Amino acid sequence: MIFSKHNGYSPDGRRLCHKGGDGGASAMRRQEEERQARINAAIKTINDIFDPPEYKQGTNAASEFDPDKTYYNKDGSVFDGRKKFNVNSSSGNAFNQIVGNIVDQVGQTSGSASAWDMDKINKAIANGELFTGVETVKPENKREKLYDEQRQAVYDINAKDVNRQYGDAEKANRFGLARNGLMGGSADVDSNARLQEMTNEGLVKAGGIADNASSALRTADESARQSLIAMAQSGIDTGTAQQMAQQQLESTSQRAQGERSGASIGNLFGGLSQAYLRGNTNQNTTQNVVNNGYNGGNSVRKTYSGS
């Protein structure tokens, strides 16, 4: 037999595991509990960074103390202003003096008693650490704010581009109509209605692009969180988890800002505006406008003012 710690012996043949023991099961169980506690702590740290939890805090700093009221600490927990001590009748006069001054259990001669710790209470009042009320606070979720900012930024960029394109197309349309003697006619009315309709469609499209940009950022954050949780389950400590989570959020934020200008609305009016720039028009100019840039009919959408 080869002596080894794996079969319960030391290299010199001494028995390491003795009858009646648990074979190290208690130690293994304790190690597993400690490992699981580290994992849970790391996961909580990650989740708290991505989605800060609600917390309680004391409100309305107290300026005086009323023993019949409940007071709170800064963190919202109940303030305990009493101190405990053992009562022993053998303490004689000293004990009787304490009872007469501050102990509410008058006549008690043994056991434990409590008294208001006025030094602690006065110090808490002086430091602004004693409160008469408590409230639950929902911290600002900076990521939710970033998602909204991302959406608004992308929308503003594309809405501005839509309005710029509308201005260019409206000018080109007006010059083309004037050149062909169509100002004030049906071609004028129909072409401008079509431009406004396409502008409205462009703004709707800009909203969709903005929604997608915000959603993509949210998805990237959630993917990062799940990846970090998987790493926490494999053994990273709480400090490392916190650092990596903050770095990941910062990296995602910077990437999102760089991608804002890349979400483009594209060219909305190119094909339509060119229809009115033809220089070789004739008596069928109106029909050419319809064939090349407008599919006929009156627009039913009149909501856009062109500003």
Side-chain angles (χ1 to χ4, degrees), residues 140-223 252-307:
E140 178 187 25
N141 190 324
K142 295 182 179 180
R143 302 310 290 183
E144 288 293 336
K145 183 179 180 181
L146 180 61
Y147 303 149
D148 292 339
E149 290 176 349
Q150 180 77 351
R151 186 196 181 285
Q152 190 63 48
V154 172
Y155 177 80
D156 289 346
I157 289 172
N158 285 285
K160 182 178 180 180
D161 192 30
V162 169
N163 289 322
R164 179 192 62 78
Q165 291 189 47
Y166 169 80
D168 293 343
E170 191 277 333
K171 183 185 297 184
N173 179 56
R174 180 159 29 91
F175 287 164
L177 289 169
R179 185 181 299 113
N180 296 315
L182 297 174
M183 292 293 291
S186 61
D188 187 355
V189 174
D190 290 346
S191 60
N192 277 289
R194 179 58 177 155
L195 286 175
Q196 292 180 7
E197 186 173 82
M198 293 179 71
T199 300
N200 285 338
E201 292 172 355
L203 293 174
V204 171
K205 183 178 179 182
I209 292 173
D211 289 339
N212 289 339
S214 176
S215 178
L217 179 56
R218 186 187 298 274
T219 299
D221 273 355
E222 184 59 27
S223 177
T252 303
S253 299
Q254 293 177 354
R255 186 170 67 251
Q257 293 179 7
E259 292 174 350
R260 289 175 179 177
S261 60
S264 174
I265 196 73
N267 189 355
L268 298 172
F269 302 98
L272 183 64
S273 62
Q274 290 303 315
Y276 308 107
L277 299 178
R278 298 188 174 203
N280 57 343
T281 58
N282 51 34
Q283 296 299 322
N284 292 325
T285 299
T286 302
Q287 187 61 44
N288 288 337
V289 169
V290 172
N291 291 340
N292 289 280
Y294 180 51
N295 61 4
N298 292 325
S299 172
V300 296
R301 298 176 66 178
K302 307 288 185 179
T303 58
Y304 183 75
S305 63
S307 61

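In this chain, numbering begins with 1 at the start of the sequence shown. Everything numeric in this text was worked out from a predicted model, so none of it was measured.
For N141, the side-chain contact (heavy atoms from CB on, under 4.5 Å) partners two or more places apart in sequence, or in a different chain, are D51, P52, R143, E144.
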For Q196 and N200: C-alpha separation, side-chain torsions, deciding distance, then whether side-chain hydrogen bond (donor to acceptor under 3.5 Å, both in side chains) applies. CA-CA 6 Å; Q196 292 180 7; N200 285 338; over 6 Å; no
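A donor-acceptor pair under 3.5 Å is formed between the side chain of N158 and the backbone N or O of V154. A donor-acceptor pair is defined here as one N or O able to donate and one able to accept, closer than 3.5 Å; no such pair exists between the side chain of Q165 and the backbone of T199. S214 places no side-chain N or O within donor-acceptor distance of the main-chain N or O of Q150, the cut-off being under 3.5 Å. In this structure, S223 contributes its side chain and T219 its backbone to no donor-acceptor pair below 3.5 Å. With hydrogens and angles ignored, the 3.5 Å screen pairs a side-chain donor or acceptor of S191 with a backbone N or O of A187.
Separating the CG atom in D221 from the CG atom in L146 is a distance of 7.5 Å, to the nearest 0.5 Å. Here the straight-line distance linking atom CG of D168 with atom CG of N267 works out to 10.0 Å at 0.5 Å rounding. Within the model, atoms CG of L203 and CE of M198 stand 12.0 Å from one another, a figure rounded to the nearest 0.5 Å. A distance of 9.5 Å separates OG1 of T252 from CD of E259, quoted to the nearest 0.5 Å.
The shortest non-hydrogen separation linking A169 to L195 is CB-CD2, 3.8 Å. Nearest heavy atom pair, residue A206 against residue A159, reads CB-N, 4.2 Å.
Counting only heavy atoms from C-beta outward, the side chains of I209 and Y155 never approach each other to under 4.5 Å.
A salt bridge links E170 with R174: at least one charged nitrogen is closer than 4.0 Å to a carboxylate oxygen. A salt bridge links R164 with D161: the distance from a Lys NZ or Arg NE/NH1/NH2 to an Asp or Glu carboxylate oxygen falls below 4.0 Å.
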